[in-house]
Amino acid sequence: MADHSPHQNTTFPSNCHEAHGYLATPESGKGPGLIVIQEWWGLTDHVADLCNRFAKEGYVALAPDLYGGKVAHDADEAGKMMGALPEADAARDLAGAVSFLLDHDAVTSSKVGVVGYCMGGGFVIQLAAQQGDKIGAAIPYYGVLQSEPDFSAIEAPVQGHYAETDDFAPPEKALKMGAAIREAGGNAQIHVYGGTGHAFFNDENPFGSYDEVNAKIAWDRTRAFLKAHVS
């Protein structure tokens, strides 16, 4: 049985209902907007911590709770929860999060960045295609697409972070996606981290694949990319 996430601290209108999420703001009280999209586990401690880390970098960071408060215990449960989440519904909830941030008094940017991990990595690309010029930077981490969007609709530059050995999000598919985005007229750079496995950035993941050195490299690249494109 899935636990309930303790991290919901904000609500926003989305997809004809009230959506929930975790919002972290910088010490200054204002900053560019950033959406952080959860892994297949749910709105976990790790996702909330990421929002806090981005807030320390100056961003107003929002993690929408796509599972309605549920958090998975193990991979089997996480897979079932992800499978039960209609991609179109998730995309609409995320669209509501974009509007919420852009209308928020604390958000100073005219576009938002979006970063997502695992399941959320695929949603990053879907959201970038759906929201066009409202997205300033799209950063998927080891995420796989459930279905291909219209790559030509992606206006934001894309920076992807993928593991060398990953059955869930094979680097070959990520590189192919990057090429397809470029062929459609977009800007995409895909980084593949040697010697890493799925979820190498997550220091709490149960697979034991956290890689401190490569996580630091990916974090620094992400920070620089956001600073260049979302301000």
Considering residues at least two apart in sequence or located in another chain, which fulfil the side-chain hydrogen bond (donor to acceptor under 3.5 Å, both in side chains) criterion with Asn9? none

Go through the structure and list residues passing side chain to side chain contact (heavy atoms under 4.5 Å, CB included) with Ala97, not counting sequence neighbours. Phe12, Ile35, Leu62, Pro64

Enumerate, atom names and distances included, each donor-acceptor pair closer than 3.5 Å involving a side-chain atom of residues 116-135, sequence neighbours excluded.
from: Gln126; atom 1: NE2; to: Glu87; atom 2: OE2; distance (Å): 3.4
from: Gln126; atom 1: NE2; to: Ser147; atom 2: O; distance (Å): 2.4

Any pair counted as salt bridge (charged side-chain N to carboxylate O under 4.0 Å, His left out), so long as it reaches residues 162-187, sequence neighbours left out: none

How would you list, by chain and number, every residue that makes a side-chain hydrogen bond (donor to acceptor under 3.5 Å, both in side chains) with Tyr141, sequence neighbours excluded? Thr222

Does the pair Leu43 and Leu66 meet the rule for a side-chain contact (heavy atoms from CB on, under 4.5 Å), with working shown? CA-CA 8 Å; Leu43 182 52; Leu66 299 177; over 6 Å; no

Could you pull out the closest heavy-atom pair between Phe201 and Ala215, with the gap in Å? CE1-O, 3.3 Å

If we check side-chain contact (heavy atoms from CB on, under 4.5 Å) with Tyr22, which of these qualifies: Val36, Asp65, Leu50, Asn52? Asn52

Can you list every salt bridge (charged side-chain N to carboxylate O under 4.0 Å, His left out) pair that touches residues 34-61, not counting sequence neighbours? Glu57-Arg223

I'd like to know whether Val115 forms a side-chain contact (heavy atoms from CB on, under 4.5 Å) with Ile37, so could you lay out the CA-CA distance, the side-chain angles of the two residues, the decisive distance to 0.1 Å, and finally the verdict. CA-CA 6 Å; Val115 57; Ile37 310 179; over 6 Å; no

Given side-chain contact (heavy atoms from CB on, under 4.5 Å), test Trp41 with Gln38 step by step and report yes or no. CA-CA 7 Å; Trp41 306 109; Gln38 68 187 53; over 6 Å; no

Gap between atom CE of Met82 and atom CD of Gln146 - 0.5 Å precision: 6.0 Å

With sequence neighbours left out, write down each residue that passes side chain to side chain contact (heavy atoms under 4.5 Å, CB included) with Thr165, or none if nothing qualifies. none

Please list all pairs passing the side-chain hydrogen bond (donor to acceptor under 3.5 Å, both in side chains) test where one or both residues lie in residues 203-214, with sequence neighbours left out. Asn205-Ser209, Asp211-Asn214

Within the distance-only criterion (no hydrogens, no angle test), does the side chain of Thr11 pair as donor or acceptor with the backbone N or O of His20 below 3.5 angstrom? no

Restricting to side chain to side chain contact (heavy atoms under 4.5 Å, CB included), what partner residues turn up for Ser152, sequence neighbours left out? Asp150, Ala184

Search all heavy atoms of Ala156 against all heavy atoms of Gly136 and return the closest pair with its distance. CB-C, 3.9 Å

Quiz question: by atom type and distance under 3.5 Å, do the side chains of Tyr193 and His161 form a donor-acceptor pair? yes

Working for side-chain contact (heavy atoms from CB on, under 4.5 Å), residues Val114 and Ile139: CA-CA 6 Å; Val114 56; Ile139 308 173; over 6 Å; no

All heavy atoms of Val60 vs all of Pro26, minimum pair found to be CG2-CD, 3.8 Å

Heavy-atom pair with the smallest gap, counting every atom of Phe200 and Ala218: CE1-CB, 4.2 Å

Qualifying side-chain hydrogen bond (donor to acceptor under 3.5 Å, both in side chains) pairs, either residue in residues 23-33, two or more places apart: none

How are the rings of His198 and Tyr142 set to each other: parallel, tilted or perpendicular (split at 30° and 60°)? perpendicular

Looking at every heavy atom in both Pro32 and Thr108, which two are closest together, and how far apart are they? N-OG1, 3.3 Å

Ring centre gap for Tyr67 and Trp40 strictly below 6.0 Å: no

Sequence neighbours excluded, which residues qualify as side-chain hydrogen bond (donor to acceptor under 3.5 Å, both in side chains) partners of Lys80? none

Minimum heavy-atom separation for Cys51 and Ala63, please, with both atom names. SG-CB, 3.6 Å

Distance from Ile181 atom CD1 to Asn187 atom CG, nearest 0.5 Å? 9.5 Å

Can you tell me if Asp105 has over 12 outside heavy atoms packed within less than 6.0 Å of its CG? no

Hey, could you give me the NE2/CD distance between His191 and Gln159, rounded to the nearest 0.5 Å? 4.5 Å

Donor-acceptor list for residues 224-231 side chains, cut-off 3.5 Å, not counting sequence neighbours:
none

